[in-house]
2 protein chains.
Amino acid sequence: MAKHDPDLSLLFHALADPTRRSILTRLAETPARVTDLAGPTGLRLPTVMRHLSVLEEAGLITTSKDGRIRTCAIVPEALDPARTWLDEQRAIWEARLDRLDAFVMNVMKEGEE
Amino acid sequence: MAKHDPDLSLLFHALADPTRRSILTRLAETPARVTDLAGPTGLRLPTVMRHLSVLEEAGLITTSKDGRIRTCAIVPEALDPARTWLDEQRAIWEARLDRLDAFVMNVMKEGEE
DNA sequence: GCCATAGTTAGCAATATGGCTAAGCATGAT
DNA sequence: ATCATGCTTAGCCATATTGCTAACTATGGC
């Protein structure tokens, strides 16, 4: 049951920003409030909110509000589609490398003229 | 031989675009000319050139020009930093999950006393 | 030389991104 | 009730991204 959109573009885009990655590693320690997350970044609240919504839309975090406090937490399995894609690519790329070796050697041999 | 910056932001950003990912999977089959890569995308040459330079700056591909033909090829190990980061995160995230489990169990146990 | 091919460069337009301030709303403490 | 806290919304600005066309360079074939 895929609740979150596993769209790779959303996922990779969310991971492409250092602020967002630092938020994720911070959340890896423990869930945190929005203000707690903003602190280390040195950014203003609305800016952090924006990053959080990007992370949430990518399915990387969930948030819930209790009173006036919104608590954010990671969604560990959200990384899986990215990992899977990378693993698939590596498999394909490496398989091709063997063929490429042969190709390069051939070209180099012909280039000796 | 210019070492490419393994910057995760560049890397993830490059992977965040479907066109670029399709170019990569195309290149996984075999090296190809710029025109060959442009064909399947339905995009114009300059646009594809742009995508290629993003991929090259991220270290994901190398290109070389022979006569008027530029040949592009994947750089398999370029994915490693991304894979490594994902693996690290997963380890940390899962480690925290265990602690969270313990915490929850502890709370539940105390609640029974 | 002439011309088609392959790529490149320059520049335009629309949209997205990432930061901000200012003002608003809801909640908890006094 | 009042006020501080925590978040939210609206809107502004600068820059980046992604597409395009048009014009240019460079190479290879005839």
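Below, chains carry the letters A, B, ... as their sequence lines are ordered, and counting in each starts from 1. Side chains are part of it too, since the values below use all heavy atoms of this structure and drop only hydrogens, waters and symmetry mates.
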Report the distance from atom [atom1] of [X] to atom [atom2] of [N], rounded to the nearest whole Å.
{"X": "A:R68", "N": "C:dG24", "atom1": "CZ", "atom2": "P", "answer": "20 Å"}
{"X": "A:I69", "N": "D:dT5", "atom1": "CD1", "atom2": "P", "answer": "13 Å"}
{"X": "B:H13", "N": "D:dT15", "atom1": "NE2", "atom2": "P", "answer": "18 Å"}
{"X": "A:L52", "N": "C:dT17", "atom1": "CG", "atom2": "P", "answer": "16 Å"}
{"X": "B:K65", "N": "D:dT27", "atom1": "NZ", "atom2": "P", "answer": "7 Å"}

message: With a 3.5 Å distance limit and no angle check, can you tell me whether A:R70 reaches the backbone of A:V34 through a side-chain donor-acceptor pair?
response: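 It does not hold such a pair.
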
field: Rounded distance (nearest 0.5 Å) linking atom CG of B:L15 with atom CG of B:L79
entry: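 B:L15 atom CG to B:L79 atom CG measures 6.5 Å (nearest 0.5 Å).
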
task: Quick one: pull up CG in A:L86 and CG in A:L8 and give me the separation to the nearest 0.5 Å.
output: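 Nearest 0.5 Å value for the CG-CG distance: 8.5 Å.
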
- prompt: For B:R50, does the CZ atom have more than 12 heavy-atom neighbours from other residues, nucleotides or ligands under 6.0 Å away?
  reply: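 No, CZ of B:R50 has 12 or fewer neighbouring heavy atoms, counting only those of other groups under 6.0 Å.
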
task: Taking only the side-chain heavy atoms of B:D17 (C-beta and beyond), determine which of C:dT17, D:dT18, C:dA6 contains the nearest atom.
output: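 Nearest to the side chain of B:D17 among the choices is D:dT18.
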
field: Most 5' of A:D66 and A:V54 on DNA chain C, judged by nearest nucleotide
entry: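 It is A:V54 whose nearest nucleotide is closer to the 5' end.
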
Derivation and outcome, side-chain hydrogen bond (donor to acceptor under 3.5 Å, both in side chains), residues B:S9 and A:R21: CA-CA 9 Å; B:S9 298; A:R21 287 197 305 277; 3.1 Å; yes

- prompt: Do the ring planes of A:W85 and A:F12 sit parallel (below 30°), tilted (30 to 60°) or perpendicular (above 60°)?
  reply: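 Judged by the thresholds at 30° and 60°, the geometry between A:W85 and A:F12 is perpendicular.
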
query: Going by number, which of residues 36-51 of chain A have a non-hydrogen atom under 4.0 Å from DNA chain D?
result: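 Close to the strand are A:L45, A:P46, A:M49.
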
